[in-house]
Amino acid sequence: MKYHLKKNIEIALISAIKQGKIPNVNIPKIRVERTKNKVYGDFASNIAMTLAKTTSINPFKIASIIVKAIPKTDVIDKIDIAGQGFINFTLSSDSKLQVVKCILATKDNFGKSYVGKGKCIQVEFVSANPTGPLHVGHGRSAVYGSIISNLLETIGFKVHREYYVNDSGRQVNILAISVWLRYLDVCGENIIFPSSAYRGKYVIDIAKILHANYGDEFFYSTLEIFTDISFEQPDDSNGDVYIDDLIEKAKQLLGQSEYRKIFDLCLNTILLDISDDLSDFGSYYDEWFSELSLIESGAVNKAIKKLKCANVLYQKDGAWWFKSTDFGDEKDRVVVRDNGQTTYFASDIAYHLNKFQRGFDEVINIWGSDHHGYIPRIKASLAVMNQDESRLKVLLVQFAVLYRGGDKVVMSTRSGEFVTLRELREEIGKDAARFFYVMHSAEQHMDFDLELTKLKNKDNPVYYVQYAHARICRVFRRLADSDLIWNRTIGETNLGKLVESHERDLLTMLARYPEILEFAALKHMPHILAHFLTDLSGAFHTYYNAHNFIINDTKLSQARLTLVVAVRQVIANGLTIMGISTLESM
RNA sequence: GCGUCUGUAGCUUAGUUGGAUAGAGCAUCAGUUUCCGAAACUGAAGGUCACGGGUUCAAUUCCUGUCAGGCGCGCCA
């Protein structure tokens with residue numbers, strides 16, 4: 001429709017110029033937009049105002065010249081000039097009704113398009129360290145990433161959803177050592193647990209599994225372990241060194257293959273928990289990509305070689321540094337430590353190179369806002385390796401602060417006092433959690449009130465939308481109770497009877513749905529969809545209260561029922577994209 | 001301190017390639033069930049768009065300065 005109107009304006013402009021009514025200037029990009037206020041019709045263009053300066057003609061006059069030259073079609077009912085020179089289009093009643101037939105014909109596919117032209121996009125999201133269960137902070141990324149993926153798929157992109165597993169490096173080793181120490185406890189040793197180890201209850205659970213699977217296979221006495229290891233300072237000032245010493249000692253005592261058994265069990269247990277948690281939450285993945293595999297396959301070393309060849313690495317204090325300051329970073333970054341181990345950053349360089357080599361047209365990373373300082377160095381490394389870094393888009397998600405009533409929920413990993421995503425889901429449900437996470441724009445700091453999400457009224461938008469759907473289902477159950485049926489053919493042929501303002505509003509909203517999807521997907525703004533569904537549901541509830549659908553006037557009744565079926569379809573389609581259940585009754 | 005994101009009604013917030021009277025919801029106040037589920041609807045009130053400059057036909061939107069807040073600034077990941 002927009003395209004149709006643009007084309008008509010273009011034709012009008014060209015003919016006006018030919019007739020000499022408007023000077024022959026460069027025609028700016030013609031923009032046609034939905035009006036914000038329905039008194040201005042359905043669509044508006046500001047073309048006259050943008051032309052005013054170059055032609056030095058008053059915009060109102062330009063507008064009237066254009067309007068006169070626009071070809072007549074049966075799609076457009078009338079064209080007005082308003083304000084400082086807006087050209088407002090009102091669509092014909094008949095053309096507005098088409099959307100209902102279109103929805104009924106395409107059903108679940110209504111709203112889908114091929115804007116993406118089948119281009120491949122990789123979306124990496126959450127990628128939390130596999131050192132513990134996901135907490136509520138990860139929830140927002142999980143929802144944001146999965147809905148963006150769904151949106152992109154809906155408008156014709158091929159989407160690859162990926163979780164990057166940081167299964168190498170210190171943190172996972174600390175987890176392994178934490179589990180091992182708890183395991184020794186289970187074996188009967190009395191271990192003083194280091195404060196810099198992971199102290200959550202889940203660590204003990206894994207230790208029990210370890211013991212159940214392997215018995216005392218990994219048992220060593222306290223004496224054997226703690227000899228030659230400096231004591232941990234009570235103020236935790238040497239915690240890092242202490243825990244690293246412990247890791248080394250464990251590897252020594254246990255040997256590589258035994259240590260690996262513990263390590264793998266920890267990792268697999270946690271990963272299984274995370275993947276179950278995410279899929280129960282409605283976020284799904286195509287691939288779980290292992291960081292360790294990059295190191296073991298030599299991909300990391302290859303990437304480092306590339307950087308060396310590009311002459312952007314130098315040695316200092318026994319470590320290898322990447323000159324990222326040459327590419328706008330704040331400081332240079334270490335890629336190989338003085339102990340010969342590669343850093344997380346080195347893996348990430350290899351990982352991003354790998355992503356690019358896999359041939360994705362676009363690569364999207366969804367990161368917590370705490371990683372924003374990390375973007376310049378990754379882009380720098382890609383540029384050095386002759387990759388087009390504009391193919392990488394990093395979307396930052398701000399933190400959500402949890403409230404319970406008016407009180408902030410304090411979270412601290414160390415004390416083990418954090419709310420897990422699973423607990424959140426059990427407390428308020430998947431649907432409410434997803435809706436709340438996504439209803440605000442991602443770059444907005446967000447307050448998430450747990451009490452609010454538990455309300456079962458319109459304070460809680462997820463119920464509001466789900467109720468609209470259930471209410472429509474209810475109407476049809478009621479219809480059946482009265483031994484009546486919905487007749488689509490009669491409904492469709494009588495759509496012209498839908499003349500009430502509530503009905504016109506709904507028709508306009510339904511027609512906007514595909515535009516909303518396209519906009520939300522391309523701009524990576526899933527909250528737009530959430531707001532749209534809330535608005536559509538609101539318009540429906542208003543309509544429901546103002547008019548009856550099951551009435552004696554059969555033709556009007558069938559037309560209304562047909563409209564309402566279309567509304568239900570669009571709500572269902574939208575909720576599906578959001579990963580939220582559609583309910584037939586509540 | 002430097003970098004970065006944010007600041008819209010009492011609260012939570014839409015408003016995005018600059019457009020017409022800045023939209024919602026909650027809370028407040030006043031109403032709506034013999035009628036498809038009131039988990040709903042109608043109406044009222046509530047705003048110097050943090051503050052000051054600039055750019056132009058037009059600024060909540062772009063630029064700049066100030067103030068306030070979040071986050072980052074490890075040979076952690």
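Sequence lines set the chain letters: A, B, ... in the order given, protein chains first and strands last, and positions in each chain run from 1.
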Could you give the distance separating [M] and [N] at their [atom1] atoms, to the nearest angstrom?
N	M	atom1	answer
A22(B)	C57(B)	P	23 Å
G52(B)	C75(B)	P	44 Å
G53(B)	C49(B)	P	13 Å
A14(B)	G23(B)	C1'	7 Å
U4(B)	C11(B)	C1'	27 Å
G46(B)	A9(B)	P	15 Å
A24(B)	C67(B)	P	36 Å
G31(B)	A45(B)	C1'	15 Å

Between Trp321(A) and His531(A), which residue's closest nucleotide on RNA chain B lies nearer the 5′ terminus?
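The residue whose closest nucleotide sits nearer the 5' end is His531(A).
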
Would you mind telling me which residue lines up with the more 5' stretch of RNA chain B, Phe86(A) or Ser537(A), judged by nearest nucleotide?
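Between the two, 5'-proximity favours Phe86(A).
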
Would you kindly give the [atom1]-to-[atom2] distance between [X] and [N], to the nearest whole Å?
X	N	atom1	atom2	answer
Leu522(A)	U16(B)	CG	C1'	13 Å
Arg170(A)	C75(B)	CZ	C1'	11 Å
Phe519(A)	A14(B)	CZ	P	13 Å
Tyr543(A)	U42(B)	OH	C1'	18 Å
Gln398(A)	U13(B)	CD	P	12 Å
Asp329(A)	C73(B)	CG	C1'	10 Å
Leu51(A)	G19(B)	CG	P	18 Å
Phe345(A)	C75(B)	CZ	P	12 Å

Look at all strands and tell whether [X] reaches a base, only sugar-phosphate, or nothing, counting heavy atoms closer than 4.0 Å.
X	answer
Asn58(A)	nothing
Asn166(A)	sugar-phosphate
Asn339(A)	nothing
His547(A)	base
His371(A)	base
Arg478(A)	sugar-phosphate
Met439(A)	nothing
Ser347(A)	nothing
Asp370(A)	sugar-phosphate
Arg471(A)	sugar-phosphate
Ala82(A)	base
His541(A)	sugar-phosphate
Ala546(A)	nothing
Asn129(A)	sugar-phosphate

Quick one: is [N] close enough that its OP1 or OP2 comes under 4.0 Å of any side-chain N or O from [X]?
X	N	answer
Ser369(A)	G70(B)	no
Arg337(A)	C76(B)	yes
Lys331(A)	G74(B)	yes
Tyr544(A)	A38(B)	yes
Ser482(A)	C36(B)	no
His502(A)	C41(B)	no

For the residue pair [Y] / [X], report whether a side-chain donor-acceptor contact shorter than 3.5 Å exists.
X	Y	result
Tyr374(A)	Asp348(A)	yes
Asp273(A)	Tyr202(A)	no
Tyr467(A)	Arg471(A)	yes
Asn365(A)	Lys355(A)	yes
Tyr543(A)	Glu503(A)	yes
Asp42(A)	Thr90(A)	no
Asn166(A)	Gln171(A)	no

Can you confirm whether more than 12 heavy atoms, excluding those of Asn552(A), are under 6.0 Å from its CG atom?
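It does not: Asn552(A) CG has 12 such atoms or fewer within range.
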
Tyr374(A)-G72(B) aromatic stacking (under 5.5 Å, under 30°):
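Ring-base stacking flag not set for Tyr374(A) and G72(B).
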
If I compare all heavy atoms of Arg140(A) with all of His440(A), which pair ends up nearest, and what's the gap?
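Distance-wise, the nearest heavy atoms are NH2-O, 3.9 Å.
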
Interface polar pairs with nucleotides 58-61 of chain B, N/O, under 3.5 angstrom:
none

Please classify U42(B) as syn or anti, treating any glycosidic angle within 90° of 0 as syn.
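Anti conformation here, the glycosidic angle of U42(B) being more than 90° from 0.
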
What's the separation between atom CE in Met586(A) and atom SG in Cys473(A), rounded to the nearest 0.5 Å?
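With rounding to 0.5 Å, CE (Met586(A)) is 11.0 Å from SG (Cys473(A)).
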
Can you give the dot-bracket line for RNA chain B, using ( ) for pairs inside the strand, [ ] for pairs that cross earlier ones, | for pairs with another strand and . for unpaired bases, where Watson-Crick and G-U count if both distances are under 3.5 Å?
(((((((..((((.....[...)))).(((((.......))))).....(((((..]....))))))))))))....

Any side-chain heavy-atom pair from Pro461(A) and Phe436(A) closer than 4.5 angstrom?
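A side-chain contact under 4.5 Å exists here.
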
Is there a donor N/O on one and an acceptor N/O on the other, under 3.5 Å, for the side chain of His372(A) and the base of C71(B)?
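Per atom types, the contact qualifies.
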
Are Tyr144(A) and Phe125(A) close enough that their ring centres sit under 6.0 Å apart?
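No; Phe125(A) has its ring centre 6.0 Å or more from that of Tyr144(A).
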
Residues Val397(A), Trp367(A); criterion side-chain contact (heavy atoms from CB on, under 4.5 Å); working and verdict
CA-CA 6 Å; Val397(A) 178; Trp367(A) 285 349; over 6 Å; no

